[in-house]
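Below is one structure, written out as structure tokens; comments come after it.
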Amino acid sequence: MTDFRRAFRATAAAAMLVALGLSACSLTRPPPVKAQFLLQPAMPERVTKTQPGALRVGTVNVAGPFRDRSFVVRVSDLRYETDFYDEYVTPPAPMIAEATSRALSRAKVFSHIAAPGTLGQADYVLDGFVSALYADHREQNSCKAVLVISYYLSQADTGSGVPFWSKDYRRDTPCKDDSAEAFAQGLNTGLSEILVTLAKDLASAELPAAQ
């Protein structure tokens, strides 16, 4: 056997041992534990005026960069990062839609509130779009929970889906520290404040007569 073949076989054997060692490590090493958080805003108080008719909370969409379960961190004016170790229990869109429905129902904004995904009869439909949902870490040793939601109200029976009422809501809530738990708490505080204001705005809105 030539020296070249001996050297090649020795190199191949060494490479195989390294690969087996790495494989064994990957099999025995536990996967990293991810912390999971819920959006659980506080519910608003009952409004002074209840609108006649029934409301259904329709679709709440979230902008692409913030749509997934992983937390998003803004580290500069142009750069965002995803947090591998911290995430929502479910994607944020259904949690925000369900929280919106519960808040408006608790506040008695309409005579009846239909939950998202239900097919019950409704006079009005409320949709939403979340354009920002991130932890702002652009300032050193500082964090803000940024949440921007636009809500759109339309008549259910017209079929056009064109809203007759809309409003944008934004909250930049300071976090008590730069941890993921503090960010989640800040988001819940911001969402609570948005839902309180939304309930009051809808209760005082001039609505077209139900069809």
Side-chain angles (χ1 to χ4, degrees), residues 36-47 50-51 53-72 82-83 86-135 145-173 183-205 207 210:
Q36 295 185 326
F37 299 89
L38 282 170
L39 290 177
Q40 292 181 308
M43 294 291 99
E45 299 292 331
R46 182 169 181 169
V47 296
T50 297
Q51 298 277 19
L55 173 78
R56 182 176 71 249
V57 175
T59 302
V60 174
N61 289 313
V62 178
F66 317 109
R67 187 175 299 158
D68 295 332
R69 291 171 57 189
S70 297
F71 284 2
V72 176
T82 55
D83 184 347
D86 301 294
E87 63 183 15
Y88 305 102
V89 173
T90 64
M95 286 196 290
I96 293 174
E98 202 274 334
T100 301
S101 177
R102 285 192 297 110
L104 298 181
S105 180
R106 181 71 62 88
K108 305 293 184 184
V109 178
F110 284 81
S111 299
H112 176 70
I113 305 289
T118 60
L119 299 177
Q121 190 71 20
D123 302 300
Y124 307 98
V125 178
L126 183 73
D127 296 310
F129 181 73
V130 180
S131 56
L133 180 67
Y134 61 85
V146 178
L147 176 59
V148 182
I149 309 178
S150 300
Y151 284 104
Y152 308 91
L153 188 63
S154 59
Q155 288 184 278
D157 296 334
T158 61
S160 66
V162 177
F164 61 83
W165 177 96
S166 66
K167 192 165 183 181
D168 302 326
Y169 299 88
R170 180 186 180 107
R171 290 296 184 277
D172 294 64
T173 308
F183 167 60
Q185 291 174 346
L187 276 183
N188 280 320
T189 298
L191 182 56
S192 300
E193 294 174 355
I194 286 175
L195 294 177
V196 167
T197 307
L198 173 67
K200 294 178 180 178
D201 290 343
L202 288 176
S204 62
L207 305 182

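We count residues from 1, following the sequence as given.
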_Once rounded to the nearest 0.5 Å, what's the spacing between atom CD of Glu98 and atom CG of Leu39?_
11.0 Å
*Over all atoms of both residues, closest heavy-atom pair of Gln121 and Ala54*: O-CB, 4.0 Å
_Leu207/Leu153 under side-chain contact (heavy atoms from CB on, under 4.5 Å): CA gap, chis, key distance, verdict_ = CA-CA 9 Å; Leu207 305 182; Leu153 188 63; 3.7 Å; yes
_Taking Val62's backbone N and O only, do any of them form a donor-acceptor pair with Arg67's side chain (distance below 3.5 Å, no angle check)?_
yes
*Is there a donor in the side chain of Asp201 and an acceptor in the side chain of Tyr151, or the other way round, less than 3.5 Å apart?*
no
*Once you round to the nearest 0.5 Å, how far does CE of Met43 lie from CG of Leu104?*
9.0 Å
*Exam field: side chain Ser105 to backbone Ser101, donor-acceptor pair closer than 3.5 Å*: no
*Parallel, tilted or perpendicular: ring planes of Tyr124 versus Phe110, cut at 30 and 60 degrees*: tilted
_Over all atoms of both residues, closest heavy-atom pair of Ala145 and Gly186_ = CB-C, 3.6 Å
*Side-chain (Thr197) to main-chain (Glu193) donor-acceptor, under 3.5 angstrom*: yes
_Is it the case that the ring center of Phe37 lies less than 6.0 angstrom away from the ring center of Phe183?_
no
*State, yes or no, whether a side-chain contact exists between Val146 and Arg170 at a heavy-atom distance under 4.5 Å.*
yes
*asked:* Around atom CZ of Arg106, are there more than 12 heavy atoms from other residues, nucleotides or ligands closer than 6.0 Å?
replied: no
_Give me the atom names and distance for the closest heavy-atom approach of Asn188 to Leu38._
ND2-O, 3.5 Å
*Among Ile194, Ile149, Leu126, whose side-chain contact (heavy atoms from CB on, under 4.5 Å) with Thr100 holds?*
Leu126
*asked:* Is it the case that atom CD in Gln36 sees more than 12 heavy atoms from other parts of the structure closer than 6.0 Å?
replied: yes
*Considering non-hydrogen atoms only, spot the tightest contact between Pro44 and Ala107 and give its length.*
CG-CB, 4.0 Å
*Looking at OG of Ser154 and CG of Asp123, how far apart are the two atoms once the value is rounded to the nearest 0.5 Å?*
11.5 Å
_If we check side-chain hydrogen bond (donor to acceptor under 3.5 Å, both in side chains) with Ser150, which of these qualifies: Asp168, Asn61, Asp127?_
Asp168
_Taking every non-hydrogen atom, the tightest pair across Tyr152 and Ser166_ = CD2-CB, 3.6 Å
*Distance-minimising heavy-atom pair for Val72 and Pro65*: CG2-O, 3.4 Å
*Measuring from Arg171:CZ to Thr189:OG1, what's the distance to the nearest 0.5 Å?*
11.0 Å
*Looking only at atom types and distance, does a side-chain atom of Gln51 sit under 3.5 Å from a main-chain N or O of Ala203, one as donor and one as acceptor?*
yes
*Out of curiosity, Thr82 OG1 to Arg69 CZ, how far, rounded to the nearest 0.5 Å?*
13.5 Å
*Give the intermediate values and the outcome of side-chain contact (heavy atoms from CB on, under 4.5 Å) for residues Leu133 and Tyr88.*
CA-CA 12 Å; Leu133 180 67; Tyr88 305 102; 3.6 Å; yes
*Could you grab the distance from atom CD1 of Ile113 to atom NZ of Lys108, nearest 0.5 Å is fine?*
9.0 Å
